[in-house]
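Structure first, commentary second.
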Amino acid sequence: MRKLLSISLMLAMVAGQVSFSGIATALSIPSASSVMNDVQKRYHINTGSVQNFGESFNVASTKKYAPELSISFSPTDPKEGQKVTAKAFPMFFSNPPDQLYYTWYLKRENGSNDVEDWKTEAMRIIANDGADTNRFLPGSSDDDGYKAEHGGGDRTYVDNDWCYIRDPSDGNFYELGPSNSSSADFTCGTAGYQASCISQTQSVASDNSSTYPYKVDGSPVCQGSAPICPDGSLVRCVNPTVVAGTFSLTDTIQRRVYPDTVDPDTGMSTPNYVYDPAVENNMTCRENGTSSDDRCIHLFPNATGHTTGDGSFGADEERYWMTNPADADTADNGNKDEANIVGLGRDTFTWNYQNGDMLGLVVEGVSMVPTKHDDSTMMIMWAFSGDGCRVSNTGSYNTTIKGYSVNIPTTGMGRDEFDECLKDNLVDPLQAGQQNSKKIELDVTATPDNPTNDQTGEKSGDTVTAVASIMNSTRSDAEVTYEWTVEVSDNANMGNPLDITDGLKENGLLPVSRGNGLKTISMPLNMEADMLGGYATNDPLYMRLTAIATENFNASGDRSGHSDVIVRINNTDKKILAYVSKAVPYGSTYKMALADGDSSDTDSLTPICRDYHANASTAEDATDNLDRIACRIIKNEIIGVRVDNSKGEYKDFKWTIDGKTLTCNASVSDDMDCVTNGNEAFFAVVGAPGTVINVKLDALNVETGKSVSLTRAFNVVEPEIVLESADKTAVWPRFVGQFSDISGAMFDEYSSNFFEKYGASTIRMQARFVPSFTQGLSTRTWTIDGVPYPGETVWNSTDGDFFGVEHATAELPVGTVFNVGMTATIVQPVEKRMALRDIWGIDESQSAEVTIGKTVQVQNVADQNTASSGVKKFYAALSGYVPPMLAFAFRIILSGGLLLFAVGFLFSFVPERVSEDMRRK
Amino acid sequence: MNLVPLLSRWKRFLMTGIFVIASLLLYGLFPAESRLNGTVQSLVLGAAVFFVLPILFVRMVLCEPFSTLGFRGSNRRFGVVSIPLVVVPILSIWYVLLRTYPVASSYDLPSTVRSSFPLFLFYEVVLVGAIAFLYETFFRGLVQILWLRSFGLWAVFMQLALFLAFVVSVGGGLSWQNAPIFLAGLASGFVASYTGSIPYAWVSAWLVLFLSDVLILVSR
């Protein structure tokens, strides 16, 4: 009957298909993939994006933010014995920072190798905070215990604590606990039987007959105390020797398997049971580690025989941690002593640094990563000061959560393993500050911008100063080594540079190029041609000053940085020459020309401030050399400045004076060089004495097309007279002493106001005008002892003509003083004053005469040669003094003798009076 | 009138007088050597004029012994008594002058002498003593004892007048600075007149000068 019904249904289905085939496409059997494709099409879901999301979702569990930690040190470069403060910056904890547990550990260079000792040393410093233990009383009368909850000080009311550690290599989170494969103990009544889940399968034979054998399908889990199989399969204690694949349960209670086992000796058969019928429903189980205390640990240091953070802090621990037994907060930081030991909120650590100290920190708190447990817990984790810990001793267990078996990776790491890991998380305070930068940021600057090099050997070149500045130095300048190199080239890109550092040092232009604290170098640009090599004739010249700065820390390495600056140098032997000028008539007014001869013949002109003495040994020579740098001129003078361009090397001249344009045109002068060529100009000196005038010339080199700049400084001074001896063998300046310069060389110093001579020597004094060209503008009057002296003499010498006096003196006593004076009136010629008025607008009242004077004393001194020292000096003094005394005594003797003789002689003619008695006789 | 007998009669007197005046003129007009210290020159010249020349005059011109200058003992008994008898009244005059006139402010005693007792002793004993000896030799010995001895007691005042004229003309005029030396001259003149001995006169002059300085110091 049943067969007949099924055949009928099949026929109907075939008929139906045939009947529909003529009207529509035949439906395919329903499948998930087809359904999904339809969904994608309907909602425009891109397969790639979904795949990408899915791929990311697959690994999302290893991408979560685990707690991290950074530490900063202050100072970043501690010295031996200096206080150093380490500040911790924990991240990705859900607790506030003041509720985290900071366990610091300090490793001394020659100290213990035990991490627990390191922790003890550091936390002892925190808890004791420098208190004097000698003042502590024995015992413990304070209430300073602290119960440390797992995960931080704010987890007082949380029951479950799940501690985790993240493996930095694979990103997986491992729960702390035993590494057993099963977390439950199942008890089967018969030995050798084990708890298993068995499920029924379907097996279709070739004849399409089905059988439904059983197989072992996993292990049960323990929920509470009852074993259950996740997919609802049967829980049975199974004989593992019998179950080797699938098996059938044929008897009514479905536990016996066939064939029976037959003993070959006895021939007895023993039935085989898949599961033990005696304990079929009496299997019990128990889950391991159901208390969070068995899973979580603290990493606090412990006193011997005590546990830190247990809420009990007795005398032993007070003594061990060197805290005050009578003070619940020895460190006075708001924490109880035991709370300080656990490091509650102690995010800073201060200690006296010693060479080789290394510091570490591990912070315990609640992370932002949720656990898989069916509660409100987040993972309790640690953040390390280094790269964290590699997880070891891993395992996993399954637990049923919300009806599903959840596999949780575990690790059996304990305190010992963590302590080993802490050794790899030490930080060197010395290198903490340089973690962000291994390179010194250096900057080099140089002044002035456009200096001039003097190749002539006159040493009047500009001085270049280069300064190196470090932006990120952690050391003082004295601890930084600077090394300078100087190179020159003919182009701004410094192609084919020539290193002249050694040449500069050999010529004394650069004292040192390497040294500690050598952040500044200065060198005068008096580089002669042989130093510049092939670049001697280049103008302009480019100089690159390179500085390399190095900070040394220890044998492990150093920091360095380098920078340079390129300076454009005027390398020319051209100089601005200065001349006095004259006013030549031009109609009713005057125009300027360079003085001393025909202005068109410049070779005959003598520039001012041109004398140079290579080895200046006198003040006058030194002053002349100084004139070349700052030429002394006087107010109301008109100075002509000129640069030799006889070979047409330059063009496009531009003169400036103190930054303002100095124009020379036909209203000023008729000189071709002024009006047409442009290499000549005139300026009136209007500044007060003490003013410095800077004249600058910019021009273009015709051949190279490069510009050149020349400068000349002028110093406005008051004119003055120096009276000096014209014949130093007759009149000489008085020796006043000696002075020494910084090198220790001794120099004689002579008076400029007092002179000496012997007896009847003729006084020959001459006047030297400063500046020298004012001599020609002067009208002079000489006096001797206040009386005008009419006879002025002119002496001709190689240095020029000098006005002076020659006064013969009689033999006068030693000590006789002659006052020789001269008064001079200095005034510009009338025509020049008119030129000042007409060209520069300087009123003639402002260019009036200036009167200067000078008086010196010449004294007669004794003509005696005195010995310098010793007995000879005594006799010399005696011989020098005796003649006057002898002469005096001689005069007395003569006078007295004459007196006696005169009286005696006079009255020798008078007879003696004879008495009356004698007469009578 | 025949001058020869007159000159002959007064030969010794005239010779001595001319010598005294010439000596004083010699001292006053003698040119100073600019290269030498003035004080040294005055000491040397004074020694020559006030000591050496009188001795040479007496010995070489007058051909008389030193005793005629007064270099001898007292020719009166108890000559030493005359010293205090003269010094005390003279010092009394000085004391009255000190109390009456602003002598102390005008009298210059070297500061080192005022501040150091050893230097004070050296000053009084050596310097004052030496200067006093020169003046006693010339004015009391040569002038009073030798030249003016025939005038008796008037010789005291005459030599004092001469001494006064000399000091005023050469010593810079009259001043309280010169008062003690005048008083010393007066006292020693009396002593020399009584004893005819220069040593006694010298002691009295020195005492007057020394005690005058002491009174000055005490009065300040």
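Computed from a prediction, not measured in an experiment: that's the story for all the values here. Only heavy atoms go into these numbers, but all of them, side chains included; no hydrogens, no water, no symmetry mates.
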Quiz item: For B/Leu26, is it the side chain, the backbone, both, or neither that has a heavy atom closer than 4.5 Å to a heavy atom of chain A?
Solution: side chain
Practice problem: For atom CZ of A/Phe905, decide whether the heavy atoms of other residues, nucleotides or ligands shown that lie under 6.0 angstrom number more than 12. | Solution: no
Self-check item: Beyond-backbone contact of B/Phe19 with A/Leu900, side-chain heavy atoms, under 4.5 angstrom
Solution: yes
Exercise. Give, as side chain, backbone, both or neither, the part of B/Thr16 having an atom under 4.5 angstrom from any heavy atom of chain A.
Key: neither
Quiz item: Which region of B/Leu14, side chain (C-beta onward) or backbone (N, CA, C, O), has a non-hydrogen atom less than 4.5 Å from a non-hydrogen atom of chain A, or is it both or neither?
Solution: both
Quiz prompt | Distance, nearest 0.5 Å, that separates CG of B/Leu53 from OG of A/Ser895 | solution = 9.0 Å
Self-check item: Euclidean distance, A/Leu899 CG relative to B/Ile21 CD1, rounded to 0.5 Å
Solution: 11.5 Å
Quiz item: Which answer fits B/Phe57, side chain, backbone, both or neither, if we ask what part of it has an atom under 4.5 Å from a heavy atom of chain A?
Solution: both
Quiz item: Around atom CH2 of B/Trp202, are there more than 12 heavy atoms of other residues, nucleotides or ligands at under 6.0 Å?
Solution: no
